Amino acid sequence: MRERFLRIGIMGGTFDPVHLGHLVTAERARSEFSLEQVLFLPSGISPHKTTKRVSEAEHRYMMTLLATLSNPHFEVSRIDIDRTGISYTIDSLRILKEHYGPNVELFFITGADAIFEIMNWKDSNQYLEIAHFIAASRPGFSLEELPSDTREWVARHQERFHLLRVPAMAISSTDIRERVQQGDSIRYMVPELVDHYIRRHDLYLK
Ligand code: NAP
């Protein structure tokens, strides 16, 4: 009898703040790739954001927790935010692979741009040995937009690299932060509890 692998999605992101685009992405990925569970992984200090201002990890963690509470298939992990130093995705994936054991297949889900940055070409095989990658992109995004070497790379790794087009990806954390700063409404762009949390903690006002 063929051994059955459990499929777990790992939803990596800064989540500053988490919004409906992220939730729809996670749910679409869960259903299209038959994932048992999606583990949200708010990032610690991202390699490409060491000089950018990012909200405190505890706020991002709490908002992610509030946003995912009602979905029994969603969970939130602290492994990145509790780790000191820069959190490289490869380290997080190794920790999770060890934690879940050999009978689990991991699917790392994040924005398409971030995935192309993570791969950084020279180490890409190591990543792909540990996990599948699901690149979430806005509708209308086409691989034709990518440079030819990236397209060739994608073609060579079709078995482990997947593109997921998500309509709600038009919502972005940057836009939400700007709206809050300008006193504009973000209702229906984030779950209600996240909206309350942002107001209560005066996030994104300056
Ligand atoms: P980012 O550069 O802030 O985001 C790039 C794009 O992807 C944005 O449009 C962003 O939208 C979107 N996005 C981010 N997370 C998403 C998700 N889970 N689902 C759908 N779209 C998403 O990316 P980031 O949030 O800092 O990083 C994404 C993940 O990649 C994190 O887990 C991070 O640790 C990892 N990463 C690792 C390395 C590395 O190890 N070398 C390098 C870069 C990133 P929003 O702004 O609306 O979220």
Side-chain angles (χ1 to χ4, degrees), residues 8-30 32-33 35 38-55 57 59-61 63-64 67-68 71 74-96 106-124 126-128 130-141 145-146 161-180 186 189-191 194 198 203-204:
I8 306 277
I10 311 293
M11 179 77 172
T14 306
F15 303 131
D16 192 20
V18 63
H19 54 68
L20 294 191
H22 297 130
L23 298 171
V24 173
T25 300
E27 186 62 14
R28 288 287 347 122
R30 188 178 79 76
E32 285 200 23
F33 295 88
L35 308 175
V38 178
L39 184 70
F40 282 67
L41 188 66
S43 55
I45 305 168
S46 273
H48 64 314
K49 289 199 174 157
T50 50
T51 55
K52 281 198 191 153
R53 239 183 85 201
V54 174
S55 302
H59 283 317
R60 294 183 290 108
Y61 171 74
M63 288 190 281
T64 311
T68 52
N71 188 327
F74 289 175
E75 283 201 23
V76 187
S77 165
R78 294 185 60 95
I79 66 161
D80 267 10
I81 63 172
D82 284 345
R83 236 173 35 240
T84 50
I86 294 174
S87 39
Y88 290 98
T89 297
I90 192 86
D91 298 331
S92 318
L93 289 175
R94 284 189 180 127
I95 292 168
L96 290 167
L106 298 181
F107 288 72
F108 188 77
I109 312 155
T110 196
D113 299 349
I115 286 193
F116 292 125
E117 185 180 333
I118 295 167
M119 290 302 170
N120 196 16
W121 314 123
K122 66 180 189 320
D123 295 334
S124 58
Q126 284 183 38
Y127 288 90
L128 292 164
I130 303 178
H132 288 254
F133 279 75
I134 301 177
S137 67
R138 65 190 183 282
F141 170 83
E145 291 174 27
L146 298 170
F161 177 88
H162 318 273
L163 200 59
L164 181 70
R165 291 189 179 84
V166 186
M169 282 286 292
I171 300 175
S172 88
S173 299
T174 307
D175 179 45
I176 290 170
R177 292 194 301 272
E178 284 170 5
R179 282 175 192 269
V180 174
I186 54 166
M189 300 173 92
V190 297
V194 172
I198 291 171
L203 300 185
Y204 315 127

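Heavy-atom basis, side chains included; hydrogens, waters and symmetry copies ignored. Computed from a predicted structure; not experimentally measured. One-based numbering, in listed order, for ligands and for the atoms of each.
Relative to atom 37 (C) of ligand 1, the option among Thr89, Ile134, Asp16 with the closest non-hydrogen atom is Thr89. Remark: among candidates Ile176, Thr110, Thr25, Leu41, the nearest residue to atom 15 (N) of ligand 1 is Thr110, based on non-hydrogen atoms. Considering each of Thr14, Ile118, Ile10, the one bringing a non-hydrogen atom nearest atom 36 (N) of ligand 1 is Ile118.
Within the 4.0 Å heavy-atom cutoff, Phe40 does not count among the residues contacting ligand 1.
At under 3.5 Å, not a single nitrogen or oxygen of Ala114, backbone or side chain, sits near a nitrogen or oxygen of ligand 1. Polar contact with ligand 1: present for Ser173 (N/O pair, distance under 3.5 Å). Residue His19 places at least one N or O, backbone or side chain, under 3.5 Å from an N or O of ligand 1.
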Start with the C-alpha gap between Asn71 and Leu23, add the side-chain angles, then the distance that decides, and say whether side chain to side chain contact (heavy atoms under 4.5 Å, CB included) holds. CA-CA 10 Å; Asn71 188 327; Leu23 298 171; over 6 Å; no
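With sequence neighbours excluded, no residue forms a salt bridge (Lys or Arg N to Asp or Glu O under 4.0 Å) with Arg165.
The aromatic rings of Phe107 and Phe33 sit tilted, their planes meeting at an angle between 30° and 60°.
Checking each of Tyr127, Phe141, Phe161 against Phe116 for a ring pair (Phe, Tyr, Trp, His ring centres under 6.0 Å) leaves exactly one that passes, namely Phe161.
The Ser43 neighbourhood of ligand 1 comprises atoms 34 (O), with distances under 4.0 Å to a heavy atom of that residue.
Remark: atom 20 (C) of ligand 1 lies closer than 4.0 Å to at least one protein heavy atom.
Applying the salt bridge (Lys or Arg N to Asp or Glu O under 4.0 Å) test to residues at least two apart or on different chains, the pairs with a partner in residues 81-90 are Arg78-Asp82, Asp80-Arg83.
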